[in-house]
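Report on the following structure.
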Amino acid sequence: MPVYRPDDSVTLPLLEREPELAAAANAVDALCGSKRTGGLLVYRGAAGLGKTALLSEVRRLATGRCAVWSARGGETVTSVPFHVVRQLLQPALTDDGPASEPAGAPTDARELLGERYEIVGPALGIAPPGEQHADPQGVRDGLDALVERLAAVHGRLVLLVDDAQWADLETLAWLTSFAERPAGGVPVLIVVAYRTEEAIGETEWFLQKIGVAAKLLVTLSELTSDATAELARAALGEHADDPFCREVWAVTGGNAYETVELLAKVRDSGLEPVEDFAGELRALGASARGTGLIARLEELGTATTRFAWAAAILGTDISLDLAISLSGMSQEAAAKCAERLRAARILVGTDPLEFVHPLIAGAVYRAIPPGVRTAMHGLAAWAVSRSGRGSAAAAPHLLEVHPDGDPELVEQLREAAAEHLAVGAPDAARRCLERALAEPPLESVRPQVLYELGCATLLTSPATTVGHLRAALDTPRLDEALRVDVVFRLAQALTHNNQTGDAAHVVATEVARAEEGPARMRLQGAHFLWEGVQAIEENGPERSSRLARLADGLAGRDNTERVLLMLRAFDGTARGESAEENVQIGERALIEGRLPPGVGWADTAWGFEPPALLGLSYAFADRLDRAESLFQEGLRAFEISGWSGGHLAFAHALVGYGHRRRGRLADAETYLRESLRLADRVGSGLPMHWDAASMLIDTLLARGHVDEALEAAERHAFAPPYSSSIVIPDAPSVRGRMLLALGRTKEAVVELEAAGQALTARGRHNIVMAPWACDLARAVADDDPRRAAQLASYARDRAERFGTHTAIGVALCCAASLREGVGKVELLAQAVAHLEASPSAYELAVARVEYGIAAGFPAELACGLELAESCGADGLAERARSAMDARPASR
């Protein structure tokens, strides 16, 4: 179990690491065995305790048995997004991959990444960044898929990450999410090593989570005096005596790296390893670290020291041409300096160069006088930009330059931020833009920087976005066109942060101050949007009247008009107005039956809300073919864009709800559970959670899985206080239905009465979107039959006004539940007739089962049972079977 040192002819044993080495050997054997079992190992400890040597041993064990790729964090490049991921996975996508590929293995990056190439390629540095902001979760999902694909191609993989305490946060976020995935059979072994004393802040949090997920988490300790003596005799000969070996241990404190370095210096100096010369060890040891190392470096000359400084500024994977440019010397002079540093065991390699150990790199970097270090970062930024590597590559150096009111630096930082956003690194973009604000930018540019800063955090932190955009809005000399964008994005962020009322208020204030014209019209559209989707509204009927008057004169000539028409169609749907007229209004918003450019699901000018509301209007109008087409289009658009966070979660919810309305309840449950899984990765208690939870609970109740519905409600806090945004289907109505199913009738009545009062006061009477009236009628039927009849009459009247077969059939079933005898049978027969003409298979199954029971028609009951089973409505199917079993045998 040897460890090899650069430029060292002596191989030293790796001592007192037997458990760690055994775990590594077992992990590699499990990976390379018939079961191809992956895993995660974490080695941590102070600097110099042998973590890198352990990774080298893992590499040795795995080489020739599977593909092995490695990466290493760097102290000066922690702010470079995906820096470690690129080191780790680029070889698999370039000509630097394994020499022997499996037969028929795809080697082209596009083939390996498939449709994710445009999403993941920029993060990996193999494709140019696009113009659209990449969703970080989408990039992480793409990296997951790439690793799975590589594992399939190569059979098994080993991924080694050293110095993870200096890995970029984007890489750590991906490693954490990959490590926390359910164990499943992906044949990948990940081995992570890091220094505990250097891991702080978010880095420490990520590494702790990785440690929790690991099969083995080991904190390394210092070598004992016995192990140090064994190393000394292996390096210097068996004649090294005990007093000398004990002094080696005393000088190094059992630090493996310092021990190896000290023994190398003893050998190079020709010092006899006996007690008489043990007193010279401290001086030799000091030259390997801290001030002693720097003194040794300075002895190599001013030019060599400056070249070492340039290398330290550049960090890891040091490009020779950049080092030459930064040090300001000729190629010949630089080559001589590099050779001296290699001979002194400070650098290794040629192009790129690398420090022998991160401890040396850190010592050299910190030895650079602060003023000189800052100036050299400025020069490095210039050199990187001049080399054509771009502003993003120069950003780590730009971040280190002292603020000086430099407009050019502000522009470079903005360019870097744009590139970071395009690769899915909003935190890196935020750091650049915050640094740009500190420069500071020109007053005319400051609002734009604040707006960009707000947009950088929209997908990941709506609350942070709100603060930046409010600051932008309060900035003097804000351009009017930009002001509209700021207001719209602020309202969107407030809504996503469950502050829908604030969103509506912000836009209303801006509408009042805006002059007539396209900008004011767009603000009006935004105002109607955020007013309409808030859960509580002071005067809903008045707003609906204003929207109706405005939309009546619109033909859909531009996107603002089209959005207003979509909002009008949904508002009419929620109010229970003629479904056919609502559909006609919605059709005016489309171009040849399709969403117009600029109002698509992934377009940022208006957001995904307008097409979602239009799709829901179609769904409740019994135009499920149109609704499902729109919802699938949204799901596909978010997948193509790599938006794997809240957007994709909401799209899954909509597709799931389309299945619910069709009566495909098992499919609906699958999509809705996936929606909630995706939403949980973003946060908790957000509007997307409410919609998906309400849809899921409604679906589980339809399936007859009442206990599961209650479990979902408790897990997702589906109880008052409700979301500040409307929930589809209406949350209090669904909760009231659940309470009824649980037999908690009094609680259900209170919930449903409150829902009815709130909705009718707002003028919202759609009995399918908000099914409070029918459930309340059933809840009070025994104690107050007169009131139950009034509620059933209200539901039927509103259903007939809305005019869909689904709504009328549901209302007729409700009325029938309050009747007996011939009247009940007649109402159920009418309900079946309407629902047969609808796309709502579950509601039809309910009507058929109840009709078969009431009329005593075995054939109808059997038909209802078959339909209930095909819908996945287990509770309804059981009711039908029980009714059939209870019938007299003669009949």
Side-chain angles (χ1 to χ4, degrees), residues 1-3 12-28 30-31 38-62 70-75 78 84 158-169 171-173 175-176 178-180 189-231 248-262 289 357-362:
M1 293 175 288
V3 56
L12 298 178
L14 191 57
L15 300 176
E16 296 187 332
R17 299 292 182 254
E18 288 78 13
E20 293 84 357
L21 291 169
N26 290 336
V28 172
L31 178 71
L40 171 65
L41 307 180
V42 176
Y43 300 124
R44 65 184 184 183
L49 293 186
K51 298 179 293 297
T52 300
L54 283 167
L55 293 187
S56 297
E57 181 62 14
V58 176
R59 174 183 285 279
R60 187 191 70 78
L61 290 167
S70 61
R72 182 178 181 179
E75 187 174 8
T78 56
V84 171
V158 173
L159 303 178
L160 309 174
V161 180
D162 201 1
D163 286 321
Q165 76 280 355
W166 292 327
D168 57 275
L169 292 176
T171 292
L172 289 176
L175 280 173
T176 302
F178 190 85
E180 291 180 333
L189 173 62
I190 299 177
V191 189
V192 176
Y194 72 93
R195 293 189 205 172
T196 48
E197 74 274 20
E198 299 277 356
I200 58 175
E202 286 186 84
T203 296
E204 180 183 23
W205 184 80
F206 280 126
L207 290 172
Q208 285 177 346
K209 295 192 75 175
I210 291 172
V212 169
K215 284 187 175 179
L216 175 72
L217 171 64
V218 176
T219 302
L220 301 180
S221 57
E222 290 78 8
L223 298 175
T224 64
S225 60
D226 289 343
T228 303
E230 190 174 341
L231 280 178
V248 170
W249 181 71
V251 169
T252 62
N255 184 286
Y257 166 74
E258 292 187 14
T259 300
V260 172
E261 282 295 311
L262 177 58
R289 62 182 185 273
H357 196 278
L359 283 171
I360 296 176

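- A heavy-atom distance below 4.5 Å is not found between the side chains of Thr78 and Thr203.
- Between Leu49 and Arg44 the shortest side-chain heavy-atom distance does not fall below 4.5 Å.
- Partners of Phe206 by ring-ring contact (aromatic ring centres under 6.0 Å, His included), not counting sequence neighbours: none found.
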Could you go step by step and tell me if Leu220 and Arg17 meet the side chain to side chain contact (heavy atoms under 4.5 Å, CB included) rule? CA-CA 8 Å; Leu220 301 180; Arg17 299 292 182 254; 4.0 Å; yes
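- With 3.5 Å as the limit, one finds a donor-acceptor pair spanning the side chains of Thr259 and Thr252.
- Side-chain contact between Val42 and Tyr194 is present, with heavy atoms from C-beta onward closer than 4.5 Å.
- For the atom pair CD (Glu75) and CD (Gln165), the distance works out to 8.5 Å, reported to the nearest 0.5 Å.
- Residues Thr228 and Trp249 come closest through the heavy atom pair OG1-CD1, 3.1 Å.
- Here Leu359 contributes atom CG and Glu261 contributes atom CD; the two are 9.5 Å apart, rounded to the nearest 0.5 Å.
- The line from CG of Asn255 to CG of Leu223 is 8.0 Å long, rounded to the nearest 0.5 Å.
- Across all non-hydrogen atoms, the minimal contact from Val158 to Ala62 is CG2-CB, 3.8 Å.
- Between atom CG of residue Leu207 and atom OG1 of residue Thr176 there is a gap of 7.0 Å, rounded to the nearest 0.5 Å.
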Go through the steps to decide whether Glu258 and Val248 satisfy the test side chain to side chain contact (heavy atoms under 4.5 Å, CB included), and finish with yes or no. CA-CA 10 Å; Glu258 292 187 14; Val248 170; over 6 Å; no
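- The minimum heavy-atom distance linking Leu55 with Ala193 is given by the pair CD1-CB, 4.0 Å.
- Asp162 contributes no side-chain N or O that, together with a main-chain N or O of Lys51, makes up a donor-acceptor pair within less than 3.5 Å.
- Leu160 CG to Arg59 CZ: the interatomic distance, rounded to the nearest 0.5 Å, is 5.5 Å.
- Looking at Asp163 and Arg195, their side chains come closer than 4.5 Å, going by heavy atoms from C-beta outward.
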Which donor-acceptor pairs under 3.5 Å do the side chains of residues 210-218 make with protein atoms, sequence neighbours left out?
from: Lys215; atom 1: NZ; to: Gly38; atom 2: O; distance (Å): 2.9

Please lay out, stage by stage, how Thr171 and Val161 fare under the test side chain to side chain contact (heavy atoms under 4.5 Å, CB included). CA-CA 10 Å; Thr171 292; Val161 180; 5.8 Å; no
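- Of the possible donor and acceptor atoms, none in the side chain of Glu230 sits under 3.5 Å from a partner among the backbone N and O of Leu15.
- Minimum heavy-atom separation, Val84 to Ala71: O-CB, 3.4 Å.
- Looking at Glu57 and Leu61, their side chains come closer than 4.5 Å, going by heavy atoms from C-beta outward.
- Across Gly50 and Ala256, no two heavy atoms sit closer than the pair N-CB, 4.3 Å.
- With values rounded to the nearest 0.5 angstrom, Leu21 atom CG is found 11.0 Å from Asn26 atom CG.
- Considering all non-hydrogen atoms of both residues, Pro358 and Arg72 come closest at CD-NH2, 2.5 Å.
- The shortest distance between side-chain heavy atoms of Leu41 and Glu20 does not fall below 4.5 Å.
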